[in-house]
Amino acid sequence: VGLRTIEEFITTTGTAKAAKNIELSSETEGAYYLQKNPKTGKPYQLGDMVEEGAVIIRLESKSVENDIAIESKKLQVEIAKKELEGQRSLLEQGGATELDVNNAENTYLNAQTSLENAEISLSKMSITAPFKGVITSLPYFTQGINVTSGNVLVQLMDFSTMYLEAQFPESNMESLEVGQEVY
């Protein structure tokens, strides 16, 4: 005879679910290209572990990239910055007015905003993992296929933390507690 823990077991079935689950959709149109998994050297596939921030899919569209015109916008920022510096220098020497400086500053700020918007648009061409997880759905496998805005391109799940949806008989409810360990 000895002291030991007495445990009561309640057996039930349920559905284990990942704590994080996300479907990533395209925000623009373009040709669909799965990127290479750095661990395997092959394109990502179902069941692959993806690190947070990894680019899973890249969309390519010359017309969208031409509309964004990122290099032109970078050049506009440089020109506007030099113009602003020139106007400030002229103001100090008496060759420009406050209005000239304010107009140059407005042009510079508008060019920066335009560049930031172009960078945001360009980032929409890459489908990036928001957290570390496993690829559980890849609806497209054909490289170069055209996809449109709103298409679901990949589903990720984080299985490091899971939860269980289960149902218990009412007679067992008094012996259950929130946060209780389960096997």
Side-chain angles (χ1 to χ4, degrees), residues 1-61 64-65 67-68 70 73 109 112-183:
V1 176
L3 294 175
R4 63 181 177 161
T5 304
I6 299 175
E7 294 181 316
E8 178 183 354
F9 290 94
I10 303 169
T11 304
T12 188
T13 59
T15 304
K17 295 188 177 185
K20 290 182 185 176
N21 179 14
I22 191 166
E23 288 183 339
L24 301 172
S25 302
S26 61
E27 293 185 59
T28 187
E29 62 184 43
Y32 171 94
Y33 292 97
L34 279 169
Q35 299 302 288
K36 287 187 179 178
N37 182 341
K39 294 175 185 171
T40 64
K42 297 178 182 176
Y44 282 107
Q45 58 186 348
L46 288 175
D48 280 356
M49 178 66 72
V50 179
E51 296 296 324
E52 180 177 346
V55 176
I56 304 167
I57 298 165
R58 173 95 176 112
L59 300 177
E60 294 181 9
S61 171
V64 171
E65 290 172 19
D67 288 345
I68 293 171
I70 192 91
K73 297 210 174 16
L109 292 174
Q112 278 186 316
T113 301
S114 180
L115 177 60
E116 287 171 9
N117 287 337
E119 288 170 342
I120 290 169
S121 295
L122 194 60
S123 72
K124 292 177 181 178
M125 301 294 286
S126 297
I127 307 302
T128 305
F131 55 81
K132 182 178 179 178
V134 176
I135 296 175
T136 57
S137 175
L138 274 174
Y140 305 101
F141 292 102
T142 307
Q143 301 282 41
I145 189 170
N146 283 322
V147 296
T148 58
S149 179
N151 288 17
V152 174
L153 301 179
V154 63
Q155 182 177 10
L156 291 178
M157 291 186 181
D158 177 6
F159 293 111
S160 63
T161 303
M162 308 217 13
Y163 68 95
L164 178 73
E165 287 183 0
Q167 295 184 8
F168 296 94
E170 189 175 332
S171 61
N172 295 118
M173 295 308 284
E174 64 185 38
S175 50
L176 298 174
E177 296 175 10
V178 174
Q180 186 174 348
E181 283 190 28
V182 296
Y183 299 100

When rounded to the nearest 0.5 angstrom, what is the spacing between OG1 in Thr142 and CG in Leu34? 9.5 Å
Residues pairing under ring pair (Phe, Tyr, Trp, His ring centres under 6.0 Å) where one sits in residues 10-30, two or more places apart or in two chains, turn out to be none
Which residue pairs satisfy the salt bridge (Lys or Arg N to Asp or Glu O under 4.0 Å) criterion with at least one member in residues 30-40, sequence neighbours excluded? Lys39-Glu51
Minimum-distance pair of heavy atoms, taken over all atoms of Gln35 and Val55: CB-O, 3.4 Å
Could you list the donor-acceptor pairs under 3.5 angstrom formed by side chains in residues 21-32, with sequence neighbours left out?
{"residue": "Asn21", "atom": "OD1", "partner": "Gln155", "partner atom": "NE2", "Å": "2.9"}
{"residue": "Ser26", "atom": "OG", "partner": "Thr148", "partner atom": "O", "Å": "2.6"}
{"residue": "Ser26", "atom": "OG", "partner": "Gly150", "partner atom": "N", "Å": "3.4"}
{"residue": "Ser26", "atom": "OG", "partner": "Asn151", "partner atom": "N", "Å": "3.4"}
{"residue": "Tyr32", "atom": "OH", "partner": "Tyr140", "partner atom": "O", "Å": "2.7"}

Taking side-chain hydrogen bond (donor to acceptor under 3.5 Å, both in side chains) as the test, write out the residues that go with Lys17, two or more places apart. Glu165
Which pairs, with at least one residue in residues 147-160 and sequence neighbours excluded, count as a salt bridge (Lys or Arg N to Asp or Glu O under 4.0 Å)? none
Which residues pass the side-chain contact (heavy atoms from CB on, under 4.5 Å) test with Gln167, not counting sequence neighbours? none
Sequence neighbours excluded, which residues qualify as side-chain hydrogen bond (donor to acceptor under 3.5 Å, both in side chains) partners of Thr128? none
Just grab all the salt bridge (Lys or Arg N to Asp or Glu O under 4.0 Å) pairs involving residues 173-182, residues at least two apart or on different chains. none
Only counting residues at least two apart or in another chain, list the ones meeting side-chain hydrogen bond (donor to acceptor under 3.5 Å, both in side chains) with Glu60. none
Results of side-chain contact (heavy atoms from CB on, under 4.5 Å) for Leu164 - residues two or more places apart only: Ala16, Ala166
Show the nearest heavy-atom pair for residues Pro43 and Asp48, with the distance to one decimal. O-OD2, 4.2 Å
Is it true that atom NZ of Lys132 has more than 12 heavy atoms of other residues, nucleotides or ligands lying nearer than 6.0 Å? no
Check the pair Val64, Leu59 against side chain to side chain contact (heavy atoms under 4.5 Å, CB included), reporting the backbone distance first and the verdict last. CA-CA 10 Å; Val64 171; Leu59 300 177; over 6 Å; no
Using the side chain to side chain contact (heavy atoms under 4.5 Å, CB included) rule, take Leu156 and Ile56 through it: C-alpha gap first, then chi angles, then the decisive distance, then the call. CA-CA 11 Å; Leu156 291 178; Ile56 304 167; 4.1 Å; yes
Under the rule for side-chain hydrogen bond (donor to acceptor under 3.5 Å, both in side chains), what residues qualify as partners of Ser137, not counting sequence neighbours? none
Provide the closest heavy-atom pair for Met157 versus Ala18 in the form atom of the first, atom of the second, distance. CB-CB, 3.9 Å
Run the side-chain contact (heavy atoms from CB on, under 4.5 Å) test against Pro38 and tell me which residues pass, sequence neighbours left out. Tyr44
Does a side-chain heavy-atom distance below 4.5 Å link Leu138 with Leu153? no
Between Met173 and Phe168, what is the shortest heavy-atom contact and its length? SD-CB, 4.0 Å
All heavy atoms of Ala118 vs all of Ile68, minimum pair found to be O-CG2, 3.4 Å
